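What follows is a short report on a single structure.
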Protein chains: 2
Amino acid sequence: MKIDSRHLEIISAIVDQGGLTEGAEALGKSQPSVSRTVAMLEARIGARLFEKNRRPLQPTDLCLALAVEGRKVLAANQTASSLVRRYIDGKSGVVRVGGTPFFMDGVISNMIAEFQRAFPDIRIEQSYAYAADLSRQLESKALDVAICPMDPNALPENLKFSALLDGRNVIACSPTHPLAGKPSLRLSEIANYPWIAPPVDSPLYQDLRSVLAGIGMTDFKVSFSGGSLASITNILARSDALTVLPYSVVFMLRRQQALAALPIRINHPQRSLGQMWSPLQNARPSVKRFRRFIDTEFSNLRTTIMKHEQNALWRR
Amino acid sequence: MKIDSRHLEIISAIVDQGGLTEGAEALGKSQPSVSRTVAMLEARIGARLFEKNRRPLQPTDLCLALAVEGRKVLAANQTASSLVRRYIDGKSGVVRVGGTPFFMDGVISNMIAEFQRAFPDIRIEQSYAYAADLSRQLESKALDVAICPMDPNALPENLKFSALLDGRNVIACSPTHPLAGKPSLRLSEIANYPWIAPPVDSPLYQDLRSVLAGIGMTDFKVSFSGGSLASITNILARSDALTVLPYSVVFMLRRQQALAALPIRINHPQRSLGQMWSPLQNARPSVKRFRRFIDTEFSNLRTTIMKHEQNALWRR
DNA sequence: CAATTTTCATAACGTAAAGGCATATAAGCT
DNA sequence: AGCTTATATGCCTTTACGTTATGAAAATTG
């Protein structure tokens, strides 16, 4: 004797509202519909649920027992509905975000922290990769959004990209570095310091080479390579080494006195930091919300940087 | 965003069974049906429930959360089904039984105790009344079954009656009464004892009068009247009073040494103890079960009485 | 106690969807 | 690559839900 769960809901609604009409209203149905459903259910199970021809509708003992179960169904249904609603509103779900290590660690992780403070029920699955891999993962739907520096002209087919910040790089060092804080520098002054190189498969490694070539340095001493942002800042802090890092990463870490930028203008690649995603895969609400969040966070970051530069507290 | 509870059940079944086919089987539905229901649900809420085109069907986070609620629905549904099944089988429910006080207290209450030991989830609503009232209550559906002495010829229209036991009365006294245990008695011997009369509105009161008239006693001393069976047995135990009681009541109480019957044959009314019910009101399963139970109990009682009489341990 | 109101039951009709079978399609295994 | 197995789809039938209109019975009110 299988019972339709909806019927249990109806029973409990009628019992709790104390009447067929009110019960129907609470369920958002018409009174005749509920009446008929009850009649059919009674016929099916072969038992009265309400005493016949009694005006304050009198539930049977069986009916009262079923109403108890109906309340459980109704409660489960309500939480399910709220789960779905939160999901649709983009307040719960998963976002699989990938990005280049230094950006993710230096810039995006702070934004993700903010995001999760606002939307604690959205789980972030973060991974590290470089542009080519990220594109592949986006296309194979293994990733919802990628955040990386990108030449908009080299954008793969089937992917969209929205720029967030200039891809400008700077020469970074410890704030306690002998050269830090000097108002201006000549290239010859940086020639003799050791260099920290990003992982060789990183685009930043190519940037480092081209930067140094651009300022006439074809030969340079690499004292360390391959670490993440955290190891690099730690090593920079305890040495006189220099490195090339994205401008925004250095900017974000200025507060913690972890990094300083040298006032040397270097040529930077034709790239922008931005979000990349696949328009073929229609994004989940949580992903949409995440992308919007990142957009506004970067919008804020841009104005902060602009003010900083106007205050001349931050020199190139 | 209202969710159909049945869909929650389906989701949990698929998740728990680890596949669409197995889930469908567990639900007793065909695989295509379940597949399409899931597809429609996904379309309606605008979210994937299972990763598309993955062979070990991979539930979404949202799906897993909904499956939790689905399990609650399924559980509630199962207990509801079992409630209904028990009700249909007559293993739960209510039986409203009415009867004449002495029979109920002396005979039926023991049977009800047995019944409730076998069917603890059937609630018995017992009430006391005499035949006329019982008939009325049966006809107004306020009672499911009545147990009372009845002249089958005087049975009201629309009611059925099935006899259980002869309506024979006996003269009862305390087992310690001076007359108790004597093999035979003359009427003159009982003339001088005081009498306990049943309530004046009771049929038994009329019986008492006619019995005494039948043995030539027109004048008798009533020392007590109006009590229930319990008070009467208590008073009998502590006095030399006599009374008239149904045979079966005295028989049932013989074990507790509460009553004895005098070996005087008295004329008894044209009545049988039996069950009365309304064939118009189709009985609930619990009521049917109760009636059947009473039938077999009385069947047993009849054979017990018969054996007793054959053993001559019980004399008239 | 008759009139009125309220509440439930029924009727008739249209529609959504669930159910089944047959079958196509795609994923994973050998 | 081919086979097996699991899921998706197409097509059709049936059930039951939804609506509005209306009838009937119980409770309330004057």
Side-chain angles (χ1 to χ4, degrees), chain A residues 1-60 63 67 70 73-74 77 140-142, chain B residues 1-60 63 67 70 73-74 77 140-142 280-281:
Chain A
M1 177 62 61
K2 179 73 169 66
I3 306 269
D4 193 323
S5 303
R6 290 174 306 175
H7 295 167
L8 294 178
E9 297 180 25
I10 290 176
I11 288 172
S12 74
I14 296 173
V15 169
D16 292 348
Q17 304 298 319
L20 206 146
T21 309
E22 300 91 323
E25 191 168 6
L27 291 165
K29 301 182 196 296
S30 69
Q31 171 267 319
S33 174
V34 172
S35 172
R36 200 178 20 156
T37 302
V38 169
M40 280 172 44
L41 181 57
E42 284 185 335
R44 191 169 318 164
I45 68 180
R48 299 226 72 81
L49 293 173
F50 299 94
E51 305 297 345
K52 202 160 63 181
N53 296 338
R54 311 234 102 204
R55 204 36 86 89
L57 214 56
Q58 190 101 23
T60 309
C63 180
V73 174
L74 226 42
N77 199 310
S140 72
K141 299 174 195 282
Chain B
M1 178 60 64
K2 178 75 168 65
I3 305 268
D4 193 323
S5 303
R6 290 174 304 176
H7 295 167
L8 294 178
E9 296 180 23
I10 290 176
I11 288 172
S12 74
I14 296 174
V15 169
D16 291 348
Q17 304 299 319
L20 208 147
T21 308
E22 299 90 324
E25 191 168 6
L27 291 165
K29 301 182 196 299
S30 70
Q31 171 268 321
S33 173
V34 172
S35 171
R36 205 154 22 85
T37 302
V38 170
M40 283 175 57
L41 180 57
E42 283 184 335
R44 192 169 317 162
I45 69 179
R48 299 226 71 82
L49 293 174
F50 298 93
E51 305 297 345
K52 201 161 62 182
N53 295 340
R54 311 232 103 207
R55 200 42 90 85
L57 215 55
Q58 190 101 25
T60 310
C63 180
V73 174
L74 225 43
N77 198 311
S140 71
K141 298 173 195 281
L280 299 178
Q281 183 182 21

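Here is how names work: the chains are called A, B, and so on, in the same order as the sequence lines, proteins then strands, and each is numbered from 1. Because the structure is predicted, anything quoted here is derived from the model rather than measured.
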Distance in angstrom units between [X] [atom1] and [N] [atom2], rounded:
X        : N       : atom1 : atom2 : answer
Leu49(B) : dA8(D)  : CG    : C1'   : 15 Å
Glu42(A) : dC8(C)  : CD    : P     : 13 Å
Glu51(A) : dA26(D) : CD    : P     : 14 Å
Leu57(A) : dA9(C)  : CG    : C1'   : 11 Å
Arg48(A) : dC8(C)  : CZ    : C1'   : 12 Å

>> Once rounded to the nearest 0.5 Å, what's the spacing between atom CG of Asp4(A) and atom CD1 of Ile10(A)?
In response: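 These two atoms lie 8.0 Å from each other.
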Scan the side chains in residues 18-29 of chain B for donor-acceptor partners under 3.5 Å anywhere in the protein, sequence neighbours excluded, and list what turns up.
none

>> For nucleotides 15-22 of chain D, give me one character per nucleotide, 5' to 3': B if any protein heavy atom sits under 4.0 Å from the base, S if the only such contacts are to the sugar-phosphate, - if neither.
In response: -SBBBBB-
>> I'd like to compare against my own output: the B/S/- annotation of nucleotides 25-30 of chain C with a strict under-4.0 Å heavy-atom distance to protein.
In response: -BBS--
> Taking side chain as C-beta onward, heavy atoms only, is Asn77(B) less than 4.5 Å from Val73(A)?
Replying inline: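 Result no, sub-4.5 Å side-chain heavy-atom pair not found.
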> Angle, rounded to 10°, between the helical axes spanning five pairs at each terminus of the helix from dC1(C)-dG30(D) to dT30(C)-dA1(D)?
Replying inline: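 Between the axes fitted at each end of the helix from dC1(C)-dG30(D) to dT30(C)-dA1(D) lies an angle of 40°.
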>> Any side-chain N or O of Ser35(A) below 4.0 angstrom from OP1/OP2 of dC8(C)?
In response: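 It does not, given that no N or O in the side chain of Ser35(A) lies less than 4.0 Å from OP1 or OP2 of dC8(C).
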> In chain order, what residues pass the salt bridge (Lys or Arg N to Asp or Glu O under 4.0 Å) check against Lys2(B), with sequence neighbours excluded?
Replying inline: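 With neighbours one apart ignored, the set is Glu9(A).
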> Quick one: salt bridge (Lys or Arg N to Asp or Glu O under 4.0 Å) partners of Asp16(B), sequence neighbours excluded?
Replying inline: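 Partners of Asp16(B) under the salt bridge (Lys or Arg N to Asp or Glu O under 4.0 Å) test: Arg71(B).
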> Considering only heavy atoms, which members of residues 15-26 of chain B lie under 4.0 Å from some atom of DNA chain D?
Replying inline: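 Contacts with DNA chain D under 4.0 Å: Gly19(B), Leu20(B), Thr21(B).
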>> Test side-chain contact (heavy atoms from CB on, under 4.5 Å) on Ile3(A) and Leu8(A); report intermediate values, then the result.
In response: CA-CA 8 Å; Ile3(A) 306 269; Leu8(A) 294 178; 3.9 Å; yes
> Which heavy-atom pair separates Ser12(B) from Ala67(B) by the least distance, and what is that distance?
Replying inline: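 Closest approach of Ser12(B) to Ala67(B), heavy atoms only: CB-O, 3.3 Å.
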Throw together a table of side-chain donor-acceptor distances under 3.5 angstrom for residues 31-45 of chain B, partners on residues two or more places apart or in other chains.
from     : atom 1 : to       : atom 2 : distance (Å)
Thr37(B) : OG1    : Ser33(B) : O      : 2.8
Glu42(B) : OE1    : Arg48(B) : NH2    : 3.3
Glu42(B) : OE2    : Leu49(B) : N      : 2.6
Glu42(B) : OE2    : Phe50(B) : N      : 3.2

